Amino acid sequence: MTQSRRPAAPADLILAWYDRHHRDLPWRVSPPMAAGGIRPDPYRVWLSEVMLQQTTVQAVKAYFALFTTRWPTVTDLAKADTEDVMKSWAGLGYYARARNLKKCAEVVAFGHGGVFPDTEEGLKALPGIGDYTAAAIAAIAFDRQSAVLDGNVERVVSRLHAIETPLPAAKSEMRALVAAMTPRERPGDFAQAMMDLGATICTPRRPACALCPLNADCRVLGRADPELYPRKAAKKAKPVRLGAAFVAENAAGAILLRKRGESGLLGGMTEVPGSDWTARIDGATDLSAAPFPADWTACGTVTHVFTHFELRLSVYRSMVAGNGQAGNGWWQPKETLDGEALPTVMKKAIRQAIPGAFGK
DNA sequence: AAACCGGGGCG
DNA sequence: CGCCCAGGTTT
């Protein structure tokens, strides 16, 4: 009995694909459970979504496990010591996320009775929650029909509709297309399915179009190279900045550390003393930024690439006799460096001066 | 609208 | 190892 039937809508194709291929992740509720009315804990959804901003699933997993073990509820996190939160976040990058995470937990715990808002608008009013994260939490935790648009979804819709407008100008057009696609039934699963599709099939390079549930609907496939989508505005070159870092070790085997200012680059994180990072430093050996006069030995440079500049740090080392001259810093025993709020660039500098400092 | 924010993964 | 990827806030 060959009845003519309407072609399946993209949303149905994606949901069917998701039911077969969804990934089990620590912050997720599987589709069969969700079908039984089980929703994931908004706290865990929020925490995972903030961690996943600009960060891969693989990198997030261990941090998510650590945070949910140490702070099982949003109220636990709100009561936590901010310094402990920064230490636990060290290595994940974009440290303003950690500061806003703590602020947001406090607002939810002490201003909303420990209950997350269940609407996009209510969520977006919280620190560290923008368009994407508000829509994602509303959809995933509360099954709201919100249009979830992240980098993965941008790729999927730009290819599906062959959008020629470059990002970021194309965002509103893309969001409207996602809104039009989003089904009344299972909007939370749909949002996760679209992001999974972009992460695993509709990838930036070498997409697996043969496996894509939307390949029959795709306006790019067969007409142009999918890798050329989404179109993007040209980006500008990264400038180079130079600086000096000073790794002082005392007789007890401790390293001199200090805390950076609360805002801006690596805000609130720990560092070794050093110079400002500017276009050029005076001469090959500028010791004027050293924390105290000493027999500073040059031990090479480390390079670290930030979002908008490349840093080349000249590293100096010295052994000091006393336990004074710490200034506004403190002496941290080498064996306990791992627990400090040290960003990756500072670990590189310390390792350059003292190869065994982190006991790899 | 543009600038400011890190780190990891892939070819 | 160069290149690419990815949201929110601030200015």
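Just so we're clear, the structure is a prediction, and the values are computed from it rather than from any experiment. Both backbone and side-chain heavy atoms feed into the values below; hydrogens, waters and symmetry mates do not. Convention: sequence-line order gives letters A, B, ...; per-chain numbering from 1.
At the phosphate of C:dG8, OP1 or OP2 sits under 4.0 Å from a side-chain N or O atom of A:Thr133. At C:dC5, one or more side-chain N or O atoms of A:Lys232 fall inside 4.0 Å of OP1 or OP2 (strictly under the cut-off). OP1 or OP2 of B:dG7 sits under 4.0 Å from a side-chain N or O of A:Thr344. Side-chain nitrogen and oxygen atoms of A:His308 include at least one within less than 4.0 Å of the OP1 or OP2 phosphate oxygen of B:dC5. Residue A:Tyr94 has no polar side-chain atom (N or O) positioned under 4.0 Å from OP1 or OP2 of B:dC4.
Listed nucleotides: C:dG7, B:dG9, C:dC5. Nearest to the side chain of A:Asp150: C:dG7.
Ranked by how close their nearest DNA chain C nucleotide is to the 5' end, A:Ile129 and A:Val305 are led by A:Val305.
By the 30° and 60° cut-offs, the orientation of the rings of A:Trp46 relative to A:Tyr43 is tilted.
Rounding to whole angstrom units, CD of residue A:Gln53 and P of C:dC5 are separated by 19 Å.
As judged by a 4.0 angstrom heavy-atom cut-off over every strand, A:Pro168 is placed among residues making no nucleic acid contact. Using a 4.0 Å heavy-atom distance criterion, A:Gln54 is classed as a base contact.
Geometric assessment of A:Arg44 against the ring of A:Trp71 yields a negative cation-pi assignment under the 6.0 Å and 45° thresholds.
Residue pairs that meet the ring pair (Phe, Tyr, Trp, His ring centres under 6.0 Å) test with at least one member in residues 221-262 of chain A, sequence neighbours left out, are A:Phe246-A:Trp296, A:Phe246-A:Tyr316.
Between A:His308 and A:Phe306, the ring center distance fails the sub-6.0 Å criterion.
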